[in-house]
Structure formats: structure tokens, C-alpha cells
Amino acid sequence: MDFFTYLWQLDSSLLLWFQSIRQEWMTPFWKFVTSLGDAGWFWIALALFLLCFRSTRRAGLAAFIALAIGALITNVIFKPSFARIRPYEVIDSLILLVEKQKDFSFPSGHSCASFAAVVALRKHLPRRIVLGLLILATLIAISRLYVGVHYPSDVLGGILIGTFAGWIAGKIIRPLSSPS
């Protein structure tokens, strides 16, 4: 068996395991969490809010830069290049809990945006706030598996790209943070 066949089988098995642990009482929570990542709206709103105050303006700018870099890499370069079909189109036994997505599966844009914003904000906000945002980012990433729209490798790819985008944003914003 080649690596890609093994990866697909592992991805599919893990995704079906997520489906097996679904509970009716948990579904509204996971659908809400996943909606926070739709089009990156929560992270964009947070960045806009941070831009409103002088003390957090650099944080907001760092988040915007990270979100833009992540979106460019994910939506403009990777999704069309890999053109990975969504799991619910391939795995017959997978039950989709949200509407069908209009783009390709790899990488997860929700995961990318979430981790891009958190990594970009890590040096600009208090640790307890960053920890809370990291927990939210992780929940958003997991939610994509729970609702059935991504393979685990899509989510991992989104996390890695988002982390990279947040790190690059930190490098870009660093010279602006230095006292003149």
C-alpha cells in the first residue's frame, strides 16, 4: 500500500470515529463553534475590535496580516492546486451536519484562519487571553471533523499553514513595534 492510500484510509477512519462519538446534545454546540470560523468572521471581528484601541492596534494589524497570508496560501494557492474532494462526497457512510461546502477540502480554511490569528496575537495580548483564543481555535479545528466537512489531514494542514502565517505576520509587524 502506498503512502497516499494509507493516509486516505487513516483520514477516513479517524473521521468516521468522530462521527461515532457524536451525541445529539453536543451537535448544537459543535455547529455553533464551527460557525465562528465561517469566512473567518470571528477572527476578522476580533482584529477590527483590536484596531479600535491604541494599545492593541498592533495586535489587530498582526491578526489582519496573518489572516490575509493564511487566506492567500489556503484559498488561492493550495485549495485549487490540491483540489481535494470533500469527505462527504467520497465516504458514503459519513453524515454531514452542516450545508455542503462550495470549495475544496485541503487545507481547512477555518483551522488556518483560527491559528493564524492566535499565533499573530500571542505576543501582543495577555497570556490568559491568548490561551482562551487558542482553546477556541482548537475547538473550531475539531468542529470541522465533527460536522463532517474535513479530513483530519485537512485540519492539520490548516493548522500548520495558519501557524506559519501567524509567524510571518509577527516578523512583518516586529519592525513596526520597535520604538522610533
Side-chain angles (χ1 to χ4, degrees), residues 26 28-82 84 86 97-99 101-147 149-180:
M26 290 191 313
F29 168 77
W30 288 109
K31 285 174 132 180
F32 170 73
V33 168
T34 214
S35 74
L36 294 174
D38 292 349
W41 79 263
F42 174 82
W43 304 106
I44 293 168
L46 177 60
L48 282 171
F49 175 77
L50 294 171
L51 283 172
C52 292
F53 305 97
R54 182 179 261 271
S55 63
T56 57
R57 201 160 286 148
R58 286 189 180 97
L61 182 59
F64 266 125
I65 291 169
L67 289 166
I69 292 168
L72 178 68
I73 294 170
T74 298
N75 298 319
V76 177
I77 299 170
F78 278 35
K79 282 188 185 256
S81 296
F82 287 97
R84 189 176 198 189
R86 295 279 179 167
L97 296 181
V98 294
E99 66 281 344
Q101 307 295 289
K102 294 175 176 51
D103 59 355
F104 292 113
S105 192
F106 181 83
S108 165
H110 283 62
S111 302
C112 177
S114 299
F115 279 82
V118 170
V119 170
L121 293 170
R122 79 188 188 288
K123 291 190 177 180
H124 301 282
L125 297 177
R127 187 175 292 181
R128 69 184 184 285
I129 293 173
V130 172
L131 179 60
L133 293 173
L134 179 60
I135 291 168
L136 177 61
T138 303
L139 289 173
I140 289 172
I142 292 169
S143 77
R144 304 309 281 166
L145 302 172
Y146 187 90
V147 300
V149 295
H150 280 294
Y151 292 101
S153 60
D154 299 338
V155 170
L156 180 59
I159 290 169
L160 292 173
I161 294 165
T163 299
F164 173 74
W167 178 76
I168 291 294
K171 296 289 185 190
I172 291 170
I173 201 80
R174 183 174 295 144
L176 301 175
S177 301
S178 301
S180 319

Student: If the condition is side-chain hydrogen bond (donor to acceptor under 3.5 Å, both in side chains), which residues does Arg84 pass it with, not counting sequence neighbours?
Tutor: Asp11, Ser153, Asp154
Student: Applying side-chain contact (heavy atoms from CB on, under 4.5 Å), name anything that partners Asp103, two or more places apart in sequence or on another chain.
Tutor: Asn75, Lys79, Arg86, Gln101
Student: Go through the structure and list residues passing ring pair (Phe, Tyr, Trp, His ring centres under 6.0 Å) with Phe78, not counting sequence neighbours.
Tutor: Phe82
Student: Working to the nearest 0.5 angstrom, can you tell me the gap between Ile140 CD1 and Leu133 CG?
Tutor: 9.5 Å
Student: Ignoring hydrogens, what is the shortest heavy-atom contact between Ile44 and Ala39? Give both atom names and the distance.
Tutor: CD1-O, 3.5 Å
Student: Between atom CD1 of Ile69 and atom CD1 of Ile168, what is the distance when rounded to the nearest 0.5 Å?
Tutor: 6.5 Å
Student: Decide yes or no on side-chain contact (heavy atoms from CB on, under 4.5 Å) for Ile142 and Trp30, but give the supporting numbers first.
Tutor: CA-CA 9 Å; Ile142 292 169; Trp30 288 109; 3.7 Å; yes
Student: Would you name the heavy atoms of Ala169 and Ala120 that are closest together and state the gap between them?
Tutor: CB-CB, 4.3 Å
Student: Output all residues satisfying side-chain contact (heavy atoms from CB on, under 4.5 Å) with Val119, sequence neighbours left out; order by chain, then residue number.
Tutor: Arg122, Thr163
Student: To the nearest 0.5 Å, what is the distance between CG (Leu61) and CG (Leu51)?
Tutor: 6.5 Å
Student: Apply side-chain contact (heavy atoms from CB on, under 4.5 Å) to Ile135 and list each qualifying residue two or more places apart in sequence or on a separate chain.
Tutor: Leu131, Leu139
Student: For Ser143, check side-chain hydrogen bond (donor to acceptor under 3.5 Å, both in side chains) against everything at least two apart and list the hits.
Tutor: Thr34
Student: How long is the straight-line distance from OG of Ser108 back to NE2 of His150, given to the nearest 0.5 Å?
Tutor: 3.5 Å
Student: For His124 and Ile173, what are the C-alpha separation, side-chain angles and deciding distance, and is it a side-chain contact (heavy atoms from CB on, under 4.5 Å)?
Tutor: CA-CA 11 Å; His124 301 282; Ile173 201 80; 3.8 Å; yes
Student: Take Tyr151 and Leu156 through the test side-chain contact (heavy atoms from CB on, under 4.5 Å) and record every step on the way to the result.
Tutor: CA-CA 9 Å; Tyr151 292 101; Leu156 180 59; over 6 Å; no
Student: Give me the atom names and distance for the closest heavy-atom approach of Cys112 to Thr74.
Tutor: SG-OG1, 3.3 Å
Student: Can you name the residues that form a side-chain contact (heavy atoms from CB on, under 4.5 Å) with Pro126, not counting sequence neighbours?
Tutor: Arg128, Ile129
Student: Taking ring pair (Phe, Tyr, Trp, His ring centres under 6.0 Å) as the definition, give me every residue that meets it alongside Phe53, ordered by chain and number, with sequence neighbours left out.
Tutor: Phe49
Student: Restricting to pairs with a member in residues 107-121, which pass salt bridge (charged side-chain N to carboxylate O under 4.0 Å, His left out), not counting sequence neighbours?
Tutor: none
Student: Would you list the pairs meeting salt bridge (charged side-chain N to carboxylate O under 4.0 Å, His left out) in which at least one residue belongs to residues 157-171, sequence neighbours left out?
Tutor: none
Student: Once side-chain hydrogen bond (donor to acceptor under 3.5 Å, both in side chains) is applied, do any residues pair with Asp38, and if so which ones, sequence neighbours excluded?
Tutor: His110
Student: Over all heavy atoms of both residues, which pair between Ala116 and Ala165 is shortest? Give the atoms and the distance, please.
Tutor: CB-CB, 4.1 Å
Student: What's the shortest heavy-atom distance between Val118 and Ala137, and which atoms?
Tutor: CG2-CB, 3.9 Å
Student: If you look only at pairs with a residue in residues 42-56, which of them pass as a side chain to side chain donor-acceptor pair (under 3.5 Å), with sequence neighbours excluded?
Tutor: Trp43-Ser114
Student: First locate atom OG of Ser35, then atom CZ of Phe42, and finally report the distance between them rounded to the nearest 0.5 Å.
Tutor: 11.0 Å
Student: Supply the atom-to-atom distance Ile73 CD1 to Leu160 CG, rounded to the nearest 0.5 angstrom.
Tutor: 11.5 Å
Student: Can you name the closest pair of heavy atoms from Ala63 and Leu121 and give their distance?
Tutor: CB-CD2, 4.0 Å
